[in-house]
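Reading through the structure tokens given below for one structure.
Please read all numbers here as calculations on a predicted model, not as lab measurements. Chain letters run A, B, ... following the sequence lines, proteins first and then strands; every chain starts at 1.
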Amino acid sequence: MSLLSIRDLSVTIAGSTGDVAALSGVRLDIEPGTVVGLVGESGGGKSMLARSVVGLLPHTASATGQVLFEGDDVLAMTGDRLRRHRGAGAAMCFQQPLLALNPVRRVGDQLVDRLVAHGGAARRAARARAVELLGQVGIREPERRFRAYPHEMSGGMAQRVMIALALACGPRLLLADEPTTGLDVTLAGEMLALFRREATENGRAVLLISHDIAGIAAVCDRLAVLYAGTLVEHGPAAEVLDAPRHPYTRGLLAAVPSLHGDPGQPMRGGQPMLGAAPQSCPFEPRCPSGEAECGRRRPALVEIGPAHLAACPVTAREEARG
Amino acid sequence: MRLARYAGRRLLLLLPVLVGVSILTFLLVRVLPGDPVRTVLPQSATEADVAAARERFGLDAPLPVQYLIYLRNVATGDLGTSFQSGQDVGVEMGERIGATIELIGYAMIIALLVATVIGVAAALRRGGLLDKGARLVGIAGNAIPEFVLGLILIIVFYGSLSWAPAPDGRVDGSTGLVPITGASTFDAVLGGNLPALGSALAHLALPVTTLALVVLAPLLNTVRSGAVSVMDSDAYICAVAHGLPRRTVIKRYLARPTLAGLPTLTALIFGNLIGGAVLVETMFSWQGLGQWALKGLVTRDYPVIQTFVLVTAVAYLLLFLIADVVQAWLDPRVKI
């Protein structure tokens, strides 16, 4: 059984201008010790998926399907069960760490809060562990930084603290929403290596959410591509990167500028805002290889290779022909 | 240490402000229509009587000279003599300021506690019954005048139920309380007079409740909307997402950041009440500062008015100094 098993998850958000289908029938499994990269353009539903895993969907959202964590449906969890799942089960690193830290509490105390909540340790004992964690995420002079307030930190340091906070919960699944956005390249690499290590050495499952497919691919075991709330491709990272099977994934990769002067090919058009689960391929209007059939029926996510799935009938046929 | 230096700097600022305030008040009371001398002399007084009184009050000298004399007296601790009572103004004020501070101090403490608890609880259950009630109080509280509130309380708790003593002052005279600070509960504790403490608390109950209800509305509104915006912040959502216990989340990640927005408003309301409690003071025969100042104003008792304005100015400056220090303590981002 997978650690996290998302089954046909659909999330609809009620808005003043009508409903928005943020996620439509998403299926995704994550195993312990692996890093899964969830990629796609902004507005594709990546954050909504992460929030459903910690049971923190907005009040205006309604969800169907299941988010099974160790067999328990997060969407059905309440009270103390949900509180224990949050943090110890799945802990999220927020996208803007400087905003996600309590501005009026020392970062050390915020770490201790989490260690006490999930480790059951006394505050005094947790303090030593907190300092250790700060050192572990690469903060110099952790003893001194323990006493710092968030506003006294740089963006990079806040990102490290954010990761330390999530680790302090001792999660079996670590979620990171755009963990490298706004960081310089070396720091971003260091953060990604840290997530990789948590998976490889400590057996945690890691879900990295990013719009930057090329940036995170190197540390991922698998890549999942989300488009307009639907999963369009999901496969081993190296395969998805080298031989993408969905035209959207190809477009994303082609848009990445190369180091050798290729400015990259920006994709035409933009992601649609869907009012309901799509009845046709949501990518069809932007697709270079679209066929008449694509506008009539929503393509299913089908296996096109070992543990490699794509939701494109055109590719699937090509595959079948060999 | 840095705090002490800051407080020292702010206190030094007091001097120029007070000089400015004193000049303005000095001139303002004198351009007010109405002659203080006429109010203390009988109808039958002759022009000669008036001139004599004017000289006795020191009102015959040119204005700048009058002011300089006043300033010199104030500098030596002499705030003047009341035209009306012939008493030392400093002594009269001293007898009343304690009573008023006690009244509004208790009212503010209670209002702050209630506003914090109810405001945060309302934000936690947005749209719930408590939240609707809090919003109603927030609107209605501003609309009901304090004398109506006070009268209702008197009618119900003194008139009908006889739970509260008559609105006839601060303490039962038969307890033999010796005034020291003017704040009856403190005096009773200082003098070890237990019956007086009971009587003082009983007398405080209704006026304190009235004032607390009056100032509750703005405080409650501020706490509630502050707590709502904290709950929408990533910092709060992150604490919830990391599965912190409800107690920790509410105390450290909701109440504390919410309260950081409160000190300035509290200082402002407190300052307003120093003179603004006059209606409640009158209703309960409190013999407080507001009543004293109002009588001084009506009779054009210059030394009384000047002293009251000066005291109010000092109080405001001290209150805002305290508010800034508390603010810096609550919110480390605030630099002082």
What residue among A/Leu101, A/Leu99, A/Asn102 forms side-chain contact (heavy atoms from CB on, under 4.5 Å) with B/Asp234?
-> A/Leu99

Region of B/Thr248 that comes under 4.5 Å of a non-hydrogen atom in chain A = side chain

Proximal component of B/Val230, with respect to chain A [non-hydrogen, under 4.5 Å] = neither

Need one label for [X]: side chain, backbone, both or neither, based on atoms under 4.5 Å from any heavy atom in chain B.
X       : answer
A/Leu98 : neither
A/Ala88 : neither
A/Arg84 : neither

Of all heavy-atom pairs between A/Ala117 and B/Gly243, which one has the smallest distance, and what is that distance?
-> CB-O, 4.2 Å

If you count heavy-atom pairs under 4.5 Å between each of A/Asp109, A/Leu56, A/Val54, A/Leu82 and chain B, which one has the most?
-> A/Leu56

How far does CD of A/Gln110 sit from OH of B/Tyr253, to the nearest 0.5 angstrom?
-> 4.5 Å

Find the distance between NZ (B/Lys251) and CG (A/Asp113) and round it off to the nearest 0.5 Å.
-> 10.5 Å

Is the number of heavy atoms from other residues, nucleotides or ligands within 6.0 Å of [atom1] ([X]) greater than 12?
X        : atom1 : answer
B/Arg246 : CZ    : no
B/Arg126 : CZ    : yes
A/Tyr149 : OH    : yes

May I have the step-by-step check of side-chain contact (heavy atoms from CB on, under 4.5 Å) for A/Met92 and B/Cys238, ending in yes or no?
-> CA-CA 8 Å; A/Met92 178 136 97; B/Cys238 180; over 6 Å; no

Do the side-chain N and O atoms of A/His151 and B/Arg333 include a donor-acceptor pair separated by under 3.5 angstrom?
-> no

Testing A/Arg83, A/Arg114, A/His118 for side-chain hydrogen bond (donor to acceptor under 3.5 Å, both in side chains) with B/His242, which one passes?
-> A/Arg114

Contact check, side chains of A/Val104 and B/Leu330, non-hydrogen atoms, under 4.5 Å = no

